[in-house]
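Following: one structure in structure tokens, then a few remarks.
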Amino acid sequence: MSKIAAEVRDGIQIIAISNPPVNALSHEVRSGLVEAVERAGSRRDVAAIVIYGEGRTFPAGADIREFGTPPVAPWLPEVCNRIEAVEKPLVAAIHGTALGGGLEVALASHYRIADSKARLGFPEVNLGIPPGAGGTQRTPRLCGVEHALDLMLSGKPIGAASAAEIGLVDKVVDDGLVAAAIAFVRELARDAAPVRRSRDAGRELLDGIKAAASIRKRKDRLEAQSRVLPAPARIVECVEAAVNLDFEDGLATERRLFSDCLASPQSSALRHVFFAERKASKFPELSTGSAHSIREAGIVGGGTMGSAIAAACLQSGLKVVLVERSEAQLEKAAGIIERIFSESISRGKLTEPRKTELLSSLEMSVECGSLGKSDIIVEAVFEDFAVKRRVVAEMEAVAKRDAVLASNTSYLDIDELGRALAKPEKFVGLHFFAPANIMKLLEVVVGDRTSPDAVATCVGLAKKLGKIPVRSGVCDGFIGNRIGAAYREACDQMLLDGATPYLIDEAMRDFGMRMGPFESMDLSGLDISWPRRKRLKSVRDRRLRYCRLADALCELTRFGRKSGRGFYLYDDIGRPRPDGDVLSLLEDIRAEAGCQGRPFEFSEIQNRAHAAMVNEASKVIEEGIACRPSDIDVVEIHGYGYPRWRGGPMKYADDLGLESILSNIRIFGETDPLFWVPSPLLAKLADRGSAFSDLN
Ligand code: CAA
């Protein structure tokens, strides 16, 4: 079926774009659209033209899947120019999300009418590129340099009313969009109104000292970060060209900078993440399972995690029943939830009346029986197997027949936890990340008896909470913490070989991680992972070298940031500084282990840390714990501060070439063969010259 439908109604050509789900401007859409517009331009029985999108939206942009493939004419900039050149009044009727190239088509149209619920924006910066079809030249001409830069640098869409306020759209209507557009354009045709082209608009908005100052301010700020992320600085350059050059030269500048950015590894990584995030929620269980609707969530345990999960559920419109052991514990939980909402208010994300409304959906109780109406019950009690198993059994005893039961655990065996339940098929693991009201990642841990319906219900819950669900099988630490353990182990080995926690943290921040591994452990609390380290001691291969620095710090009650001392020393306002005592302790531990210290470069630290992550991740895939490599990228980016602009560890491994990763692992293994055991899957892919992306 054609992606463009054209119909003449009483002298008005109506052109509908139909390319579900988001009317992306694929090659077929571009060629069909420009052809339809030009045909209408030359027809004597057509006085004016309306373009709109069928279904849920005006085009939400170029077809991102075509990026990275050889471009096929007509390209979008040419399409926009040809649309703008038509000699009859042409109106874009905008609903849904007019984004990127979609907004550029609208800006090339002579007039714009928007549905009041429509959103307009330039999200290209999130894909590592500037707008590439005239958006950087037409937008400042229509709404001035400041607004144009705000739109393009933030990547955030704005509502129709704001767009009208800054001059991006001409009219906003509450309903009957296409009919309103037809009436509008008919009036223009009747009045023989001249065509109005954005390229000729608003020279006054571009001239002057104000525009220059605005550009200079942003340039100074962005140039420093352009090594890591080139697109924002290039956007400013494009807008500068709009101010200083004529339209055609400005377009040429935009084209050059767009092409440079599109070819950058950062853009390739960001585009990979865009699709990886969407693919992650495609669980195999969704083909057979059906989600139950969730209106009420029960939470057992009102500590930091349980209360934050409760807050997240409330903010998504769910009724919440929170159960704790005593009134005192309930009071504490209420305090945490209150604090979370107050912080949201101070960040402008919530209002006082809305907070009151949300809190009215919260019921607190010391009786497990209060959970009898909950559609899902999540336990978030202390991370101890025996405690959790008892709580899960209590939950089952009071739950309604079809309620899903979930354990919020970071490491524990979901199959074992659910073993004694009468209906283990209702039981699932939900690994929330702290702070649970903010972090977008949710690992959904599927046990050997979990039913597809329970899985589908949890995917539905994740979406309701605005989170990205990633499927994990059962293993120690699931996807993220298991890879994190290998990463930290590699860093510990480097401590034994002569690196310091401070050097490693600095090297990993330089790599792009939000935090180094040791400052991150300080933040979560060294005591949190201490029981697990003790538990694993009995099963650890005795021949493996072990760096006991974290344990030694715990023995000194140096639990991290919360106790003012851990790997770092913290001042009154929580600023860390290196500590000579820790370095002396490390020297002693090295000597005990019979290790010689040697110097480390940033690059070696980064290579080892990344190789350890990728090697473990590859094992996670071959064991079927993760569905696909791109899921691991999503987990690392959203749960562990891995730099989005590198695309995640698996994408970055593909970019480096799996052969080079494998060869590094083999070299590291020459001195430490017990830790550096190459994953068979990695070896197979590298030998074949394949990439992880072949498995996505
Ligand atoms: N190209 C190709 N596919 C796209 C797409 C695009 N621009 N936008 C969305 N899709 C696909 C998604 O991958 C998804 O596919 P699957 O169902 O196979 O997973 C499907 O459309 C639905 O997308 P979402 O799941 O994201 O749906 P949503 O309702 O949650 O969000 C949206 C809709 C707000 C439009 C969101 O998809 C979005 O933000 N899209 C990207 C918009 C964008 O970045 N546009 C700029 C493109 S670059 C450009 O246009 C440059 C230029 O000038 C030349």
Side-chain angles (χ1 to χ4, degrees), residues 3 17-30 33 53 55-69 71-81 83 94-108 117-139 151-152 154-159 231 234-235 238 251 254-263 267-268 270-283 286 440 459-460 462-469 627-628 630-631 634 644 696:
K3 304 215 177 281
I17 300 170
S18 177
N19 187 21
V22 298
N23 286 326
L25 294 154
S26 63
H27 170 249
E28 204 180 334
V29 171
R30 295 194 305 274
L33 177 63
R56 58 197 251 203
T57 187
F58 198 77
D63 188 333
I64 305 169
R65 288 166 306 185
E66 287 183 1
F67 291 170
T69 62
V72 186
W75 301 346
L76 197 55
E78 178 195 335
V79 169
C80 289
N81 289 344
I83 288 174
I94 299 166
H95 77 298
T97 41
L99 302 176
L103 181 53
E104 288 173 307
V105 166
L107 299 186
K117 291 186 285 303
R119 302 191 58 78
L120 300 85
F122 287 113
E124 285 90 337
V125 69
N126 301 324
L127 302 172
I129 47 176
T136 65
Q137 305 303 299
R138 291 187 178 93
T139 313
L151 270 176
M152 292 182 223
S154 74
K156 292 195 180 119
I158 56 173
R234 301 295 87 87
I235 287 171
C238 289
L251 276 189
E254 178 192 84
R255 187 94 302 251
R256 178 171 54 80
L257 296 175
F258 174 85
S259 303
D260 288 353
C261 287
L262 189 63
S267 173
S268 159
L270 292 168
R271 283 180 270 130
H272 162 79
V273 178
F274 175 86
F275 288 113
E277 286 170 341
R278 280 149 183 88
K279 210 169 202 177
S281 54
K282 299 191 187 337
F283 286 34
L286 299 189
K440 279 185 98 70
V459 172
K463 294 207 165 156
K464 202 168 182 98
L465 299 182
K467 301 205 181 289
I468 303 177
C627 291
R628 48 186 90 84
S630 63
D631 283 5
V634 173
R644 190 180 175 90
N696 280 336

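Excluded from the calculations below are hydrogen atoms, water molecules and symmetry mates; all remaining heavy atoms, backbone and side chain alike, are included. Atoms within a ligand are numbered from 1 in the order they appear, just like the ligands themselves.
Contact annotation: for A60 versus ligand 1, heavy atoms closer than 4.0 Å belong to both the backbone and the side chain. Contacts of K279 with ligand 1, taken as heavy-atom pairs under 4.0 Å, are absent altogether. Under 4.0 angstrom from ligand 1, there are no non-hydrogen atoms of T57. Using a 4.0 Å cut-off between heavy atoms, A62 contacts ligand 1 through both its backbone and its side chain. At a heavy-atom cutoff of 4.0 Å, ligand 1 is contacted by the side chain of V22 but not by its backbone.
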>> I'd like to know whether F275 forms a side chain to side chain contact (heavy atoms under 4.5 Å, CB included) with N696, so could you lay out the CA-CA distance, the side-chain angles of the two residues, the decisive distance to 0.1 Å, and finally the verdict.
In response: CA-CA 10 Å; F275 288 113; N696 280 336; over 6 Å; no

>> Assess the residue pair M152 and T139 against the criterion (side chain to side chain contact (heavy atoms under 4.5 Å, CB included)); give the C-alpha distance rounded to whole Å, side-chain angles, the decisive distance to 0.1 Å, and a yes or no.
In response: CA-CA 9 Å; M152 292 182 223; T139 313; 3.7 Å; yes

> After noting the C-alpha distance and the side-chain angles of R30 and L76, does the key distance pass the side chain to side chain contact (heavy atoms under 4.5 Å, CB included) rule?
Replying inline: CA-CA 7 Å; R30 295 194 305 274; L76 197 55; 4.0 Å; yes

>> Between L33 and I83, does the side chain to side chain contact (heavy atoms under 4.5 Å, CB included) criterion hold? Intermediate values first, please.
In response: CA-CA 9 Å; L33 177 63; I83 288 174; 3.9 Å; yes

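Shown here, atom 42 (C) of ligand 1 is in close reach of the protein: a heavy atom of it lies under 4.0 Å off. Protein non-hydrogen atoms do reach within 4.0 Å of atom 5 (C) of ligand 1. Distance check for atom 15 (O) of ligand 1: every protein heavy atom is found at 4.0 Å or beyond.
At the shortest separation from atom 39 (O) of ligand 1 among protein heavy atoms lies L99 CD1, 3.9 Å. Nearest protein heavy-atom neighbour of atom 2 (C) of ligand 1: D63 OD1, 3.3 Å. E104 OE1, 2.6 Å is the protein heavy atom nearest to atom 53 (O) of ligand 1. Looking only at heavy atoms of the protein, atom 30 (O) of ligand 1 is closest to R56 NH2, 4.6 Å. At the top of the distance list for atom 22 (C) of ligand 1, counting protein heavy atoms only, stands P21 CG, 4.0 Å.
For the pair E277 and R644, the salt-bridge criterion is met [side-chain N within less than 4.0 Å of a carboxylate O].
Rounding to the nearest 0.5 angstrom, the gap separating the NZ atom in K282 from the SG atom in C627 is 12.5 Å. A distance of 10.5 Å separates CZ in R255 from CD in E78, rounded to the nearest 0.5 Å. Here L127 contributes atom CG and I64 contributes atom CD1; the two are 5.0 Å apart, rounded to the nearest 0.5 Å. Rounded to the nearest 0.5 Å, atoms CZ (F122) and OG (S154) are 11.0 Å apart.
Inclusion of P123 in the set of residues having an N or O under 3.5 Å from an N or O of ligand 1 is not warranted.
When the options W75, F275, F122, F274 are ranked by their closest heavy atom to atom 40 (N) of ligand 1, first place goes to F274. Counting heavy atoms only, R278 comes closest to atom 37 (O) of ligand 1 of the residues K463, R278, K282. The residue from L127, I64, T136, L76 that puts a heavy atom closest to atom 1 (N) of ligand 1 is I64.
A cation-pi geometry, defined here as NZ or CZ lying under 6.0 Å from the six-membered ring centre and within 45° of its normal, holds between R278 and F274.
Using a 4.0 Å cut-off to heavy atoms of G101, the atoms of ligand 1 that qualify are 49 (C), 50 (O), 53 (O). The contact set between ligand 1 and T97, taken as ligand atoms under 4.0 Å from a residue heavy atom, comprises 35 (C).
At distances below 3.5 Å, not a single donor-acceptor pair connects side-chain atoms of E104 with backbone N or O atoms of G61.
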